[in-house]
Amino acid sequence: MSIEAEALLQEAKESIEAAQNYRSELQQRLHGLSQARKQVRGSASQTRDALQRHFQEVQAAVSRLLTERLNALLQEVDNIELDSVSPLDDCQKLIESGVSTADELLREGEAAIRCGINEKEDKLGSFTKKALQIQLDSLPEVPVLVDVPCLSAQLDDSLLHMFRSHVARHGSVASHPPVQIEELVERPGGVLVRWCKVDDDFTPQDYRLQYRRGNSSQYEDAYIGKDNEFLVLHLDPHIDHLFRVCARGEGRTEWSPWSIPQTGYTTLAPHEWLPGVDGYILSSRKNIAMRSDSSAGHGGVLYSNSSTYFCGQTLTFKITAAGQTDKRDSLGVCADSRTDTDSLQRDQAVCISTNGAVFVNGKEMTNQLPAITVGSSVTFDMEMVNLFPVSNNNNPSDGGNFKLRVTIGSGNREVVFDWLLDQVVDSLFFGCSFTHPGWKVLVF
């Protein structure tokens with residue numbers, strides 16, 4: 001085969017490969033379009049159902065409230081009518097009885113006048129005596145119309161206007177949620193979720209973060225507050241979890257629509273304290289350690305169950321209870337888990353004491369952080385400065401010093417320094433030591 005033919009063959013192969021890649025890219029974009037169309041149609045269907053369900057519920061509730069109010073007013077009319085007519089009925093019975101008595105008296109008087117002379121005197125005397133007993137000058141009192149209730153309905157037309165105004169503003173349809181998840185970062189035993197506001201006209205007052213396992217249908221609250229990020233802990237490694245966030249606008253009580261759910265997971269095992277160490281009690285998840293009364297005044301270091309801290313991560317100690325301080329107290333990171341010391345203020349370790357002093361390989365730095373108290377959070381961040389130990393000829397087998405850049409933060413302050421180690425380490429231990437009981441620390 002000639003050189004020209006080989007060149008053409010090679011060019012044809014490259015064109016075929018380019019066409020295959022192009023087709024693959026187009027197919028991926030078609031899949032993306034399909035997912036987008038599915039999201040639009042699916043969310044539109046769900047929104048229709050939500051609107052219809054909500055307004056049907058509101059309509060039924062308003063109808064029920066109006067019916068209850070109407071029945072209450074009609075009952076009030078019945079009560080007023082009954083209370084007002086009852087004395088009128090009694091008065092009518094009294095007057096009708098008087099009319100009957102007067103009719104009878106008239107008949108007796110007329111009969112007495114028409115009777116014969118022999119009976120007239122007796123009958124006229126009897127009639128006169130009876131007329132005096134009846135007290136013909138005593139009349140019952142009949143109330144004037146102004147004193148009798150005249151019922152009417154007082155109906156305020158402003159209710160309809162107010163109702164119409166509220167209904168016109170009730171509910172809205174948003175094409176995009178006002179907040180969206182921005183980033184999912186795996187952490188040991190959890191995922192750090194960061195979100196942001198995407199609607200410039202929306203002023204958030206609070207955020208609400210929820211999550212669920214990929215095979216579950218029920219979301220649960222993880223966080224409600226003003227921060228734009230939250231670390232969701234206690235997640236099983238290598239298991240997909242869905243996260244979503246919404247917000248509550250300033251001065252509002254209802255929550256906004258949910259963001260598009262994002263899938264995240266962690267491949268990192270959770271940080272755990274080493275169980276069975278004298279002087280320390282652990283929580284069921286082994287991420288909380290409490291200094292107990294046993295061996296008070298002395299004791300060793302409580303280390304992590306294994307070397308689970310890697311460079312590039314943020315290690316956080318959260319103090320949830322505090323006891324008496326001691327200059328030997330420490331929280332920090334170390335290259336090994338030696339048991340022949342009672343503090344991390346030693347070689348191959350960096351730590352902070354409860355009084356805020358920072359120690360690097362057992363030596364106290366001049367820079368100092370705020371003292372550790374209840375609610376304090378201490379963070380450790382590390383990054384590699386040298387990929388190989390620093391020696392005369394840069395040969396790792398010759399030994400030398402391995403350098404990490406360490407940032408320790410506490411309160412609103414932080415210190416940054418380089419930490420020299422004797423050898424290369426892939427992962428590090430963390431630990432704590434407290435001389436007196438009462439201290440309680442959460443690690444994540």
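Count residues from 1 along the sequence.
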- Run the salt-bridge test on Asp240 and Arg213 with the 4.0 Å N-O cut-off and return the result as yes or no. no
- Message: Less than 4.5 Å apart, side chain to side chain, heavy atoms only: is that true for Pro188 and Pro237?
- Response: no
- Are Trp273 and Phe430 close enough that their ring centers fall under 6.0 Å? yes
- Message: One pair to check against side chain to side chain donor-acceptor pair (under 3.5 Å): Gln154 and Ser152. What are the steps and the verdict?
- Response: CA-CA 7 Å; Gln154 305 299 315; Ser152 63; 3.0 Å; yes
- Compute both the distance and the angle, then confirm whether Arg291 meets the cation-pi test with Tyr280: under 6.0 Å from the six-membered ring centre, within 45 degrees of the axis. yes
- Query: From Asn228 CG over to Arg194 CZ, what is the distance, rounded to the nearest 0.5 angstrom?
  - Reply: 10.5 Å
- So do the side chains of Val193 and Phe230 get within less than 4.5 Å of each other, counting heavy atoms only? no
Only distances under 3.5 Å count here; give the side-chain donor-acceptor pairs of residues 36-51 to other protein atoms, sequence neighbours excluded, each with its distance to 0.1 Å.
{"unit_1": "Ser43", "atom_1": "OG", "unit_2": "Gln39", "atom_2": "O", "d": "2.7"}
{"unit_1": "Ser43", "atom_1": "OG", "unit_2": "Val40", "atom_2": "O", "d": "3.0"}
{"unit_1": "Thr47", "atom_1": "OG1", "unit_2": "Ser43", "atom_2": "O", "d": "2.6"}

- Answer yes when Lys13 and Glu17 have at least one side-chain N-carboxylate O distance shorter than 4.0 Å, and no when they do not. no
- State, without any angle test, whether Asp329 and Ser353 hold a side-chain donor-acceptor pair at a distance under 3.5 Å. no
- Query: Which residue pairs satisfy the ring-ring contact (aromatic ring centres under 6.0 Å, His included) criterion with at least one member in residues 38-71, sequence neighbours excluded?
  - Reply: His54-His170, Phe55-His170
- Describe, in one word, how the ring planes of Tyr303 and Phe429 are oriented to each other, choosing from parallel (under 30°), tilted (30 to 60°) and perpendicular (over 60°). perpendicular
- Are side-chain heavy atoms of Leu421 and Gln348 found at a separation under 4.5 Å? yes
- Side-chain donor-acceptor contact under 3.5 Å, Gln75 with Asn79: yes
- Message: Ring-plane angle category for Tyr219 and Trp258, please: parallel below 30°, perpendicular beyond 60°, tilted otherwise.
- Response: parallel
